[in-house]
Every structure is written in structure tokens, then in C-alpha cells.
*Asks:* 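Sharing a structure, written as C-alpha cells. Questions coming.
Just so it is clear: chains get the letters A, B, ... in the order the sequence lines come, proteins before strands, and each one is counted from 1. Computed from heavy atoms alone, side chains included, the values below leave out hydrogens, waters and symmetry copies.
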Amino acid sequence: MERIPILRMGEFLLVTIQVDMHDRLALALQEDLTNQIAHSRSHGVLIDISCLDIVDSFTARLLGNMASMARMLDAETVVVGMQPAVAITLVELGITLEGVRTALNPEKGMELLRAALRARSNEDGHAL
Amino acid sequence: MSKGSSQRIAEALDKFQQEIVDDWIKEQFAATSARRDLMNEARLAEQSREFLATFRTAAQSYNFTDIEATEWSKPRALLGEISRSRAEQGYTPAETATFVFSLKQPLFTIMRRLSGKDYEALAEDVWTITVVLDKLGLYTTEVYQKTREAVIKRQQEELTELSTPVVKLWEGVLLVPLIGTLDSARTGHVMSALLEQIAQTGSAFAILDITGVPSVDTQTAQHLLKTVAATRLMGADCIISGVRPVIAQTIVTLGLTLDVITKSSIADALAEAIKRLGYTIARS
């Protein structure tokens with residue numbers, strides 16, 4: 001069965017979705033990603049969906065779920081590169097992906113993750 | 001019986017075409033609806049002559065009841081053309097329809113002269129002519145209206161295009177000045193134009209300026225929020241500017257919460273966006 005690769009880049013995990021998401025593939029990704037986060041002890045996940053022309057409500061919900069699961073495993077998630085048409089469709093469906101960070105492109109997404117981690121380590125610093 | 005009447009009219013048209021046309025043109029000039037400011041006499045005479053020629057040919061079919069038939073396609077096409085050009089020139093519908101209706105008088109005159117004292121036949125002829133000319137007159141009005149509707153539709157489209165520009169204000173900052181009432185069609189236009197620009201320029205901020213929006217109701221607010229949500233999904237953020245005191249009052253009174261940064265002027269919004277992008281402005 002085909003799977004979406006999860007690449008490790010330094011302290012972050014990189015997921016680039018380049019095929020059409022069908023439900024089973026999305027569920028497999030969710031499982032792989034949570035395992036990977038726990039295994040690699042990453043603190044940031046970047047999901048690139050710039051190749052996706054169609055995102056249905058199920059996939060959108062799974063994206064939200066993955067972000068929540070990652071947060072429970074102490075990792076920040078950012079979804080990058082959503083197509084304008086996809087954004088319009090999701091809004092029309094009433095899905096706003098509350099709680100998921102978004103960025104225009106992978107570069108900005110990485111910046112966002114680093115800023116989030118910095119802010120977090122600052123907080124820890126204060127706590128200590 | 002009816003055939004007799006059609007035949008009489010067709011023959012009269014054939015025989016007295018010149019006389020009818022002269023009479024008709026004279027009458028149109030005399031009428032107040034001639035609109036000499038929009039059309040000169042030569043043009044009007046030409047149109048009249050042309051139309052009567054096709055009318056005469058169509059009349060040879062003896063069919064005066066169904067103007068949808070193929071033998072009437074030529075007069076109809078000509079009338080449609082005349083009606084369209086008049087609609088664009090600024091004639092009123094009544095003035096346009098009078099072109100056809102004024103043909104009654106000369107035709108009646110001829111038929112009366114030909115009838116002798118046979119009033120039965122004359123009444124029949126008058127009725128036949130009335131039926132066909134009324135139908136043609138209504139047809140001109142219909143075409144006139146369609147032309148005007150097309151003009152309105154085109155203007156509406158142009159207006160929508162005109163009123164939704166997306167302007168780059170700064171590196172990473174886009175401005176959408178919203179002018180006029182926000183309905184769902186307009187919002188759709190704005191949203192797709194804005195999102196396309198965001199994707200193209202990689203801008204992190206979009207300023208939605210509602211200075212030109214006359215009023216904000218629940219529906220308008222809903223549309224604004226939709227645009228904001230879509231922008232956020234793309235990974236950019238929105239600032240709403242140009243919130244007038246009246247609009248602030250309305251929004252709060254309606255119990256709406258706009259979960260976005262709002263500023264009262266574009267200047268403030270731009271300053272906020274620049275600050276958030278990490279720039280500082282200093283006077284040298």
C-alpha cells in the first residue's frame with residue numbers, strides 16, 4: 001500500500017503530500033506521523049499541501065486532528081501552501097481549521113516553527 | 001373570408017407601395033416622436049422604405065397572424081436591428097414602437113379608399129392590419145428591452161470588476177479597498193482575487209478597507225469573516241480598516257464579534273502590518 005513519506009530535517013518533520021489524498025491514505029499518514037513524532041522526538045511538523053487541488057471535509061478534519069495529536073506529543077504543526085481554490089472551498093464548507101497554524105510556503109512555515117520553538121524555550125527559560 | 005382580406009392588403013401594398021411609404025414618412029416627421037436630434041430625415045426615410053419593402057414581401061404569403069413564421073423573419077430581423085440601434089441611441093420604448101404603429105394610418109387610408117362602401121370588408125382589413133402591426137410593435141418593444149437589459153448587465157459586470165482591485169501597498173502587504181454593498185457575488189470576486197494575489201506575491205498581510213461600504217449587517221459581516229478565514233487558511237492574516245463609528249456601533253449592537261485586528265484608518269492598518277512584519281519606520 002502506498003504511503004506518504006515523512007522526512008526528518010533537523011529537529012523538524014517534513015510531510016509533502018504530492019498525491020491525491022484518499023481516506024485510507026490520510027488515516028495511514030496520521031498513524032505514521034504520530035509514530036514518527038514520538039520516535040524522533042521532533043518538536044515541529046511541516047505539512048506541505050501545495051500540490052493538493054482538492055481537500056474534502058474528511059481530509060481537512062484529519063489535518064486538524066493531526067495538529068491536535070502532534071500538540072499532545074509536544075510538537076507544533078504548520079500547514080503550508082494551501083491553494084486559493086481549496087481555501088475558498090473549505091470556508092464555504094464552514095471549515096476554518098481552528099488551532100492549525102498556516103503559512104504561505106515552506107520557507108515561511110519553517111520560520112514560523114522556529115519562532116514558535118524559540119518562544120517556547122524562552123518560556124521554559126523563565127520557568128527555570 | 002380571412003384569405004380575402006389578406007389578399008386585398010397584399011395587393012394594395014404591392015400597388016400603392018410608393019404612396020404608402022411617402023405618406024408614412026410624412027406622418028413620422030410630423031409626429032413629436034420623430035427625434036430629429038437623434039436621426040436625420042434621410043436615415044428615417046431609408047429605414048421606412050427598407051422596412052416597408054420587407055413588409056410587402058412578407059405580406060405576399062397572406063399570413064398576417066403568425067409573425068414567428070419564416071416569411072416574417074426578414075421584417076423581424078430588420079425591426080430588431082432598428083430597435084436595438086434606437087435603444088442604444090437613447091430613444092424611449094414608446095418612440096421606438098411608434099415607428100411601427102404609425103404605419104397604421106397610411107395603410108388604413110389606402111384600404112378605405114379601395115373598399116368603396118363595403119364597410120364589412122373594410123372592418124376586416126383594419127382588423128387584420130391591426131393584428132399584424134400590433135404584434136410587430138410589441139416585438140420592437142421586446143427587443144428594445146432586451147438591449148437595455150444587456151447594457152445593464154454589462155455595466156454591472158464592469159462595476160464588479162472595477163470595484164474589486166487588489167493593490168500591493170508594501171512588501172508583503174496587500175490592500176483591498178471595498179466600495180459599495182458587499183453581497184455574496186461581490187465577496188466571491190474579492191475573495192478569489194485576493195487569494196490569487198496572496199499566492200502570487202507571497203504577502204503575509206491583507207488589509208480589507210471598508211471605508212466605502214455604506215453599512216454592515218449580519219450578512220456583510222459574515223462575508224467579511226469568510227474572506228478573513230480563507231486568507232488565514234492560506235497562511236496570511238487580515239486587518240480590517242476603515243471601521244467608522246457608526247459601523248462599530250452596529251456591529252456591537254448586532255452582537256457580532258469580528259475575530260480580527262480592526263483599525264479605523266488604512267494608515268493605522270499599514271503601520272500595524274509593517275510592525276508585525278518586523279520593520280520599523282524611522283524619520284531620518
*Asks:* Flag this pair as yes if the NZ/CZ of R86(B) is under 6.0 angstrom from the six-membered ring centre of F99(B) and inside a 45 degree cone about the axis; otherwise no.
*Replies:*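 Geometry flag: set, cation within 6.0 Å and 45°.
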*Asks:* Select one option (side chain, backbone, both, neither) describing which atoms of I95(A) are under 4.5 Å from chain B's heavy atoms.
*Replies:*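 Backbone of I95(A) only, per the 4.5 Å heavy-atom cut-off to chain B.
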*Asks:* Does N35(A), at its CG atom, have more than 12 non-hydrogen atoms belonging to other residues, nucleotides or ligands within less than 6.0 Å?
*Replies:*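 Atom CG in N35(A) is packed in, count exceeds 12.
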*Asks:* May I ask you to name which of I88(A), T96(A), T89(A), V100(A) has the most heavy-atom pairs under 4.5 Å with chain B?
*Replies:*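 Winner by heavy-atom pair count: I88(A).
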*Asks:* Can you tell which of G188(B), A199(B), G202(B) has the highest number of heavy-atom pairs within less than 4.5 Å of chain A?
*Replies:*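 Of G188(B), A199(B), G202(B), G202(B) has the most heavy-atom pairs under 4.5 Å with chain A.
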*Asks:* For T227(B), is it the side chain, the backbone, both, or neither that has a heavy atom closer than 4.5 Å to a heavy atom of chain A?
*Replies:*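 Contact with chain A: none, neither part.
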*Asks:* Measure I198(B) against the heavy atoms of chain A and call it side chain, backbone, both or neither at under 4.5 Å.
*Replies:*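 Both parts, backbone and side chain.
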*Asks:* Hydrogens and angles aside, do S68(A) and N65(A) bring a side-chain donor and acceptor to less than 3.5 Å of each other?
*Replies:*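 No, N65(A) and S68(A) have no side-chain donor paired with an acceptor closer than 3.5 Å.
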*Asks:* Can R41(A) and E11(A) be counted as an ion pair, charged N to O under 4.0 angstrom?
*Replies:*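 Between E11(A) and R41(A) there is no salt bridge, as every charged N stays at least 4.0 Å from the carboxylate O atoms.
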*Asks:* Taking the side chain as C-beta and beyond, is there a heavy-atom pair between I207(B) and L169(B) under 4.5 Å?
*Replies:*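 The answer is yes, as the side chains (C-beta and beyond) meet within the 4.5 Å cut-off.
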